[in-house]
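All values derive from a computational prediction rather than experimental measurement. Letters A, B, ... are given to chains in the order of the sequence lines, protein chains preceding strands, and every chain is numbered from 1.
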Protein chains: 2
Amino acid sequence: MPARTATLCCTPLTEAALSAADATEVASLLGALADPVRLRLLSIVAAQGEVCGCNLEGPLGKSQPTVSHHTKVLAEAGLITSERRGRWVWWRPVPERLALLRQVLGGQ
Amino acid sequence: MPARTATLCCTPLTEAALSAADATEVASLLGALADPVRLRLLSIVAAQGEVCGCNLEGPLGKSQPTVSHHTKVLAEAGLITSERRGRWVWWRPVPERLALLRQVLGGQ
DNA sequence: CCGATACATTGATGAGCGTCGATGAGAGCA
DNA sequence: TGCTCTCATCGACGCTCATCAATGTATCGG
């Protein structure tokens, strides 16, 4: 859960050409979202506000290792955060991270 | 240039869980952007407003077939449009497409 | 026509990724 | 201490994708 230092760049890509470095950083963030399973995972977590990992396998229809893999990718991208409670891991969204993406994509 | 029927879904993924079908559609759109070269390509086109294809190879530092490949991917995603003028192909951004993405990502 | 230029397509190659079974690491309970 | 449950990691498989050389297609100038 290395929170990804991630100041991210960012002038919107509609205003000026991205540098190669910025483009790589933004691309990796977008890549974390460019997967149907991870999009549904994030939407479930964001809609609920807080979700136990044990309640993800079912809705996603994926194996436990696969779900664990996707949560890891989203967490490393800074889009969700984890908190351990006993045997369970609870996941919460990081709205600022999505807002940052919208800004890069030309948000005002 | 099959303009991608693409009404796209879209309730923001922060409000309700995405369906599998919607997630796949959004993921493919995000996938078109989740590449450093395509991000820079789009940023160049968006910043200029209109760019000749012959002026892309240089700034991107990629071979002609590679650039052609990326423009095709972005065009099929509906993010840019092409117009032929003599021997040249001019590329223009499709801002509504980016706006749609921002909306799915939780834009107001 | 003929050569040159801009772009698209093809085919091949190498890297990366999604998936899952098997296994490991921790936490709780009896 | 054992057993169970949740989650993370590992290893392997199959598929997709980015890249480029070679080739094809279309346009313009002479």
Side-chain angles (χ1 to χ4, degrees), chain A residues 1-3 18 20 23-42 44-45 48 50-77 79-92, chain B residues 1-3 18 20 23-42 44-45 48 50-77 79-92:
Chain A
M1 62 188 106
L18 265 59
T24 300
E25 192 172 355
V26 176
S28 73
L29 181 52
L30 283 166
L33 277 179
D35 179 274
V37 176
R38 285 196 289 270
L39 274 179
R40 296 183 61 211
L41 202 166
L42 178 59
I44 291 174
V45 171
Q48 308 277 102
E50 195 176 48
V51 176
C52 173
C54 59
N55 290 328
L56 288 174
E57 275 181 57
L60 294 177
K62 296 294 174 182
S63 71
Q64 179 270 322
T66 298
V67 173
S68 181
H69 164 68
H70 287 303
T71 51
K72 182 179 183 180
V73 172
L74 286 174
E76 284 181 348
L79 290 162
I80 58 177
T81 322
S82 65
E83 180 187 346
R84 179 138 214 145
R85 298 181 191 168
R87 280 184 290 200
W88 299 276
V89 173
W90 289 78
W91 296 97
R92 282 181 298 109
Chain B
M1 62 186 107
L18 266 60
T24 300
E25 192 173 355
V26 175
S28 74
L29 181 52
L30 283 166
L33 278 179
D35 178 275
V37 176
R38 285 196 290 270
L39 273 178
R40 296 182 62 210
L41 202 166
L42 178 60
I44 292 173
V45 172
Q48 309 278 102
E50 194 175 49
V51 176
C52 172
C54 58
N55 290 329
L56 288 175
E57 275 182 57
L60 294 177
K62 295 294 173 181
S63 71
Q64 179 270 322
T66 298
V67 172
S68 182
H69 164 68
H70 287 304
T71 52
K72 183 179 183 180
V73 172
L74 286 174
E76 285 181 346
L79 290 162
I80 58 176
T81 323
S82 65
E83 179 188 347
R84 178 138 215 146
R85 299 181 191 167
R87 280 185 289 201
W88 301 276
V89 173
W90 289 78
W91 296 96
R92 282 182 298 109

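- Heavy-atom minimum distance, Arg87(B) versus Arg84(B): O-NH2, 3.6 Å.
- Here the closest heavy-atom approach between residue Thr71(A) and residue Trp91(A) is recorded as CB-CZ2, 3.5 Å.
- Looking at Leu56(A), Leu41(A), Ile80(A) one by one, the single match for side chain to side chain contact (heavy atoms under 4.5 Å, CB included) with Val51(A) turns out to be Leu56(A).
- In the set dA8(D), dT19(D), dA18(D), dT19(D) carries the atom at the smallest distance from any side-chain atom of His70(B).
- Of all heavy-atom pairs spanning Leu33(B) and Leu74(B), the tightest one is CD2-CD2, 4.4 Å.
- Listed by residue number, Cys52(B), Gly53(B), Cys54(B) are the residues of residues 51-61 of chain B with a heavy-atom contact under 4.0 Å to DNA chain C.
- To the nearest 0.5 angstrom, Leu29(A) atom CG is 12.5 Å from Thr24(A) atom OG1.
- The separation between Glu83(A) atom CD and dT6(D) atom C1' is 16 Å, rounded to whole Å.
- Under 4.0 angstrom from either OP1 or OP2 of dT19(D) there lies no side-chain N or O belonging to Thr66(B).
- Proximity note for Lys62(B) (side chain, C-beta onward) versus dT19(D), dT9(D), dT19(C): the nearest is dT19(D).
- In this structure, Val67(A) reaches neither bases nor backbone, as no heavy-atom distance under 4.0 Å exists between it and the strands shown.
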Taking only nitrogen or oxygen atoms into account, show me every contact under 3.5 Å that the protein makes with nucleotides 23-30 of chain C, one pair per line with its distance.
none

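- Phosphate contact (OP1/OP2 of dA8(C), side-chain N/O of Ser68(B), threshold under 4.0 Å): present.
- Considering only the side chain of Pro65(B), dC20(D) comes nearest among dC20(D), dG18(C), dC20(C).
- The CG-C1' distance, from Asp35(B) to dC17(C), rounds to 14 Å in whole Å.
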Show, in sequence, the C-alpha distance, side-chain angles and deciding distance for Leu39(A) and Leu30(B), and conclude whether the side-chain contact (heavy atoms from CB on, under 4.5 Å) test is met. CA-CA 10 Å; Leu39(A) 274 179; Leu30(B) 283 166; 3.9 Å; yes

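- Judged by distance alone, with hydrogens and angles left aside, the side-chain atoms of Arg38(B) form no donor-acceptor pair with the main-chain N or O of Ala27(A) at under 3.5 Å.
- Rounding to whole angstrom units, NZ of residue Lys72(B) and P of dA18(D) are separated by 13 Å.
- His69(A) comes within 4.0 angstrom of a base, heavy atoms only.
- Once rounded to the nearest 0.5 Å, the distance linking CH2 of Trp90(B) with CG of Asn55(B) reads 6.5 Å.
- For Leu39(B) and dA18(D), the CG to C1' distance is 14 Å, given to the nearest whole Å.
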Distance-only donor-acceptor hits, side chain of residues 61-68 of chain B, under 3.5 Å, sequence neighbours excluded:
unit_1, atom_1, unit_2, atom_2, d
Ser63(B), OG, Thr66(B), N, 3.4
Ser63(B), OG, Thr66(B), OG1, 3.0

